[in-house]
Amino acid sequence: MTSPAEPPRKNQGKDLGLTLCPSCQQLMAHKKTHCSRCGSTLAFRDYSSLQKSWALLITAAILLIPANIYPITIFTSQGQTRHDTIFTGITHLIDLDILPIAVILFTASILVPILKIGGLTIYLLAISFRLPISKKSLMVGFHVIEWIGRWSMLDLFVISITAAVVNMGQLLDAKPGPAATAFALVILLTQVAAKVLDTRLLWDRLESKDDTNGNTKSS
């Protein structure tokens, strides 16, 4: 005798007719349009957030090119002007034996933006094309991306502090270059791309067999 097939599990809020208020986190029935606690508009799913996140991420990836090609700092000393890109600025610090600052600039200016763009790309591809990546791994990676994003503006803070400290009128002048604007936009757009994405789409678009909890549906 064969055992009857198990009924599908209702393990998501949408299956139970529930949704979460984006403002106060009140659990509400998804048929309601506004939260009874704070009055915020309830959104069962923001399906357009995936397209918004893709658009912001692609724009950030494009802006990463001028951010690394054009000068990010301009130094003028005794009538001579020096234009430094991110890479040449790091190598100049290494030549001056200021290795700790060089490591900080490399991490904040090159490593962190590449990791953020690469991580978000994998995350969005997994949702868009149902890649066989566990939801748990994706969510851990997403939280890491959000955490490292807090340190992404460190390079611009260093540039601002340097310009304020070494600026001595006609003897020595330091100011941000055109790449500073592009770099700031890269950081801003990647942050917004992570914030606008409705992470609930992850649970809807990936199969339960991709979870790492070992629970799979019986056939």
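Side chains are part of it too, since the values below use all heavy atoms of this structure and drop only hydrogens, waters and symmetry mates.
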Q: What pairs with Leu124 under side-chain contact (heavy atoms from CB on, under 4.5 Å), at least two apart in sequence or on another chain?
A: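 If we apply the side-chain contact (heavy atoms from CB on, under 4.5 Å) test to Leu124, skipping adjacent residues, the hits are Leu50, Ser53, Trp54, Leu57, Leu197.
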Q: For Val144 and Leu115: C-alpha separation, side-chain torsions, deciding distance, then whether side-chain contact (heavy atoms from CB on, under 4.5 Å) applies.
A: CA-CA 10 Å; Val144 171; Leu115 288 177; over 6 Å; no
Q: If the condition is side-chain contact (heavy atoms from CB on, under 4.5 Å), which residues does Lys52 pass it with, not counting sequence neighbours?
A: Asp46, Ser48, Val196
Q: Using 0.5 Å steps for rounding, measure from the CD1 atom of Ile98 to the CD1 atom of Ile104.
A: 11.5 Å
Q: Between Ile86, Ile187, Ile114, Val186, which is the residue that forms a side-chain contact (heavy atoms from CB on, under 4.5 Å) with Ser109?
A: Ile86
Q: With sequence neighbours excluded, what pairs up with His143 under the side chain to side chain donor-acceptor pair (under 3.5 Å) test?
A: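 Side chain to side chain donor-acceptor pair (under 3.5 Å) check on His143 returns nothing, list empty.
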Q: Hydrophobic clusters here meaning ILVMFWY residues chained together by side-chain heavy-atom distances under 4.5 Å, can you tell me if Ile74 and Leu96 are in one?
A: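 In one cluster with Ile74: Leu96, no.
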Q: How many angstroms lie between CD1 in Ile122 and CZ in Phe142, if you round to the nearest 0.5 Å?
A: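 Nearest 0.5 Å value for the CD1-CZ distance: 13.5 Å.
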Q: If you measure from CG on Leu56 to CD on Gln51, what distance do you get to the nearest 0.5 Å?
A: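 Output value for this atom pair is 11.5 Å.
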Q: Rounded to the nearest 0.5 Å, what's the gap from CD1 on Ile90 to CD1 on Ile72? Could you check?
A: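 These two atoms lie 9.0 Å from each other.
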Q: Any heavy-atom pair between the side chains of Ile94 and His92 that's under 4.5 Å?
A: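 Of all side-chain heavy-atom pairs linking Ile94 with His92, none is under 4.5 Å.
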Q: Going by the salt bridge (Lys or Arg N to Asp or Glu O under 4.0 Å) test, which pairs reach into residues 70-79, not counting sequence neighbours?
A: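 Qualifying pairs, neighbours excluded: none.
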Q: Leu120 and Thr190: which non-hydrogen atoms are nearest, and at how many Å?
A: CD1-O, 3.7 Å
Q: Sort and list the pairs that fulfil ring-ring contact (aromatic ring centres under 6.0 Å, His included) and have at least one residue in residues 97-121, not counting sequence neighbours.
A: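 Not a single pair qualifies under ring-ring contact (aromatic ring centres under 6.0 Å, His included).
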Q: Please collect all salt bridge (Lys or Arg N to Asp or Glu O under 4.0 Å) contacts where either partner lies in residues 80-89, sequence neighbours excluded, each pair once.
A: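 Output for this query lists Arg82-Asp84.
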Q: Which pairs of donor and acceptor atoms, one on a side chain in residues 60-70, lie under 3.5 Å apart (sequence neighbours left out)?
A:
residue : atom : partner : partner atom : Å
Asn68   : ND2  : Leu64   : O            : 2.7

Q: Does anything in residues 118-127 form a salt bridge (Lys or Arg N to Asp or Glu O under 4.0 Å)? List the pairs, not counting sequence neighbours.
A: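 Applying salt bridge (Lys or Arg N to Asp or Glu O under 4.0 Å) to every pair that reaches into residues 118-127, excluding sequence neighbours, yields nothing.
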Q: To the nearest 0.5 Å, tell me how far His83 NE2 sits from Thr73 OG1.
A: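 The OG1 atom of Thr73 is 9.5 Å from NE2 of His83, to the nearest 0.5 Å.
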Q: Sequence neighbours excluded, which residues qualify as side-chain contact (heavy atoms from CB on, under 4.5 Å) partners of Thr85?
A: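 Thr85 satisfies side-chain contact (heavy atoms from CB on, under 4.5 Å) with Phe87, Thr88 once adjacent residues are dropped.
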Q: Look up atom CG in Asp198 and atom CD1 in Ile127, then write down how far apart they are to the nearest 0.5 Å.
A: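 Spacing of CG (Asp198) from CD1 (Ile127) equals 9.0 Å.
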Q: Where is the tightest heavy-atom contact between Thr107 and Pro113, given as atom of each residue plus distance?
A: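 Heavy atoms only, the tightest pair is O-CD, 4.4 Å.
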